[in-house]
**Q** 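Structure in structure tokens, see below.
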Amino acid sequence: MNKTCARCQKVVYPIEELKCLDKTWHKTCFKCTECGMTLNMKTYKGYNKLPYCEAHIPKAKATVIADTPELKRIAENTKIQSNVKYHEDFEKSKGKFTQVADDPETLRIKQNTKIISNIAYHGDLEKKAAMEKQREAAEIADVRDLTEKIYQISL
Ligand SMILES: [Zn+2]
Ligand SMILES: [Zn+2]
């Protein structure tokens, strides 16, 4: 049984036969799949078992190479860098948020919290004095309750 040309489907005689890409072609039928430029064994570029000229070989290399460990590594690094970038942005926006939060009202609350914290810290010392001064002790207890509430809110 005679072989048939992969392009024109006509019989290929040995004299005009060109074996390439697991197929048989007429030498004259071995052309670029895209532009029809006549190719030979030296000039053709095979892709998907079809011949292409240099200019029209499908640029699928990126996809193919993307499966190599090296490319995967790079892709992974890019992802990590993206995460880093994301965190950078997050830190920046956090900085902005802090600035926004530093309005007079917030500052006042912060200041009060600091004062209350100090009072709470010194509370133990003052407790001794408070033994002698019941009224003062009651005040400190109030402050401590308030401090606890503020801590709970900020948690
Ligand atoms: Zn042919
Ligand atoms: Zn071409």
Side-chain angles (χ1 to χ4, degrees), residues 1-124 140-155:
M1 191 182 155
N2 287 314
K3 292 164 187 165
T4 53
C5 170
R7 181 176 292 274
C8 72
Q9 309 300 321
K10 288 175 188 162
V11 175
V12 180
Y13 298 102
I15 187 79
E16 53 187 358
E17 181 185 287
L18 191 150
K19 275 187 181 169
C20 202
L21 304 163
D22 294 337
K23 291 172 185 173
T24 304
W25 314 77
H26 290 111
K27 278 174 186 168
T28 50
C29 284
F30 195 65
K31 294 170 178 178
C32 170
T33 306
E34 187 70 31
C35 70
M37 186 175 96
T38 306
L39 302 164
N40 60 46
M41 293 296 281
K42 282 177 187 170
T43 56
Y44 89 97
K45 305 276 172 194
Y47 178 82
N48 220 3
K49 302 212 168 170
L50 289 170
Y52 289 87
C53 72
E54 185 98 40
H56 295 117
I57 176 78
K59 299 283 184 287
K61 279 174 186 169
T63 320
V64 176
I65 298 166
D67 287 335
T68 65
E70 173 67 7
L71 254 284
K72 270 182 185 163
R73 198 179 58 75
I74 290 165
E76 202 60 35
N77 280 350
T78 311
K79 219 161 83 182
I80 291 161
Q81 275 166 18
S82 302
N83 279 339
V84 170
K85 182 82 176 68
Y86 173 78
H87 283 299
E88 264 175 26
D89 288 348
F90 179 70
E91 290 300 321
K92 272 181 207 158
S93 58
K94 214 167 75 175
K96 274 177 207 156
F97 179 76
T98 310
Q99 278 172 6
V100 171
D102 279 346
D103 58 282
E105 174 66 8
T106 312
L107 283 174
R108 198 179 59 76
I109 292 163
K110 269 188 189 169
Q111 202 59 32
N112 283 350
T113 312
K114 218 161 89 183
I115 291 160
I116 291 162
S117 298
N118 280 338
I119 290 165
Y121 175 76
H122 292 296
D124 284 344
I140 289 159
D142 283 345
V143 169
R144 297 194 104 185
D145 281 348
L146 185 58
T147 308
E148 255 177 49
K149 268 173 203 160
I150 288 165
Y151 279 157
Q152 277 163 15
I153 289 160
S154 43
L155 285 174

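In this text the structure is predicted, and so the values were computed from the model without any measurement. Remember, it's 1-based here, ligands and their atoms both numbered in the order they're listed. Note that the numbering runs from 1 along the sequence shown for the chain.
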**Q** Under the rule for salt bridge (Lys or Arg N to Asp or Glu O under 4.0 Å), what residues qualify as partners of Glu148, not counting sequence neighbours?
**A**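 So Glu148 forms no salt bridge (Lys or Arg N to Asp or Glu O under 4.0 Å) with any residue.
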**Q** Within a radius of less than 6.0 Å around CD of Glu54, do more than 12 heavy atoms belonging to other residues, nucleotides or ligands occur?
**A**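 No, not enclosed.
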**Q** Considering only N, O or S atoms, which atom of His26 is nearest to the Zn ion (ligand 1)?
**A**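 His26's closest N, O or S atom to the Zn ion (ligand 1) is named ND1.
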**Q** I need the SG(Cys8)-the Zn ion (ligand 1)-SG(Cys29) angle, rounded to 10 degrees.
**A**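 The angle at the Zn ion (ligand 1) comes to 120°, rounded to the nearest 10°.
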**Q** Rounded to the nearest 0.5 Å, what separation is found between the NZ atom of Lys45 and the NE2 atom of His56?
**A**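 One gets 14.0 Å once the value is rounded to the nearest 0.5 Å.
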**Q** To the nearest 10 degrees, how large is the angle at the Zn ion (ligand 2) between His56 ND1 and Cys35 SG?
**A**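 Vertex at the Zn ion (ligand 2): approximately 110°.
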**Q** Show your reasoning for whether side-chain contact (heavy atoms from CB on, under 4.5 Å) applies to Val143 and Thr147.
**A** CA-CA 6 Å; Val143 169; Thr147 308; 4.0 Å; yes
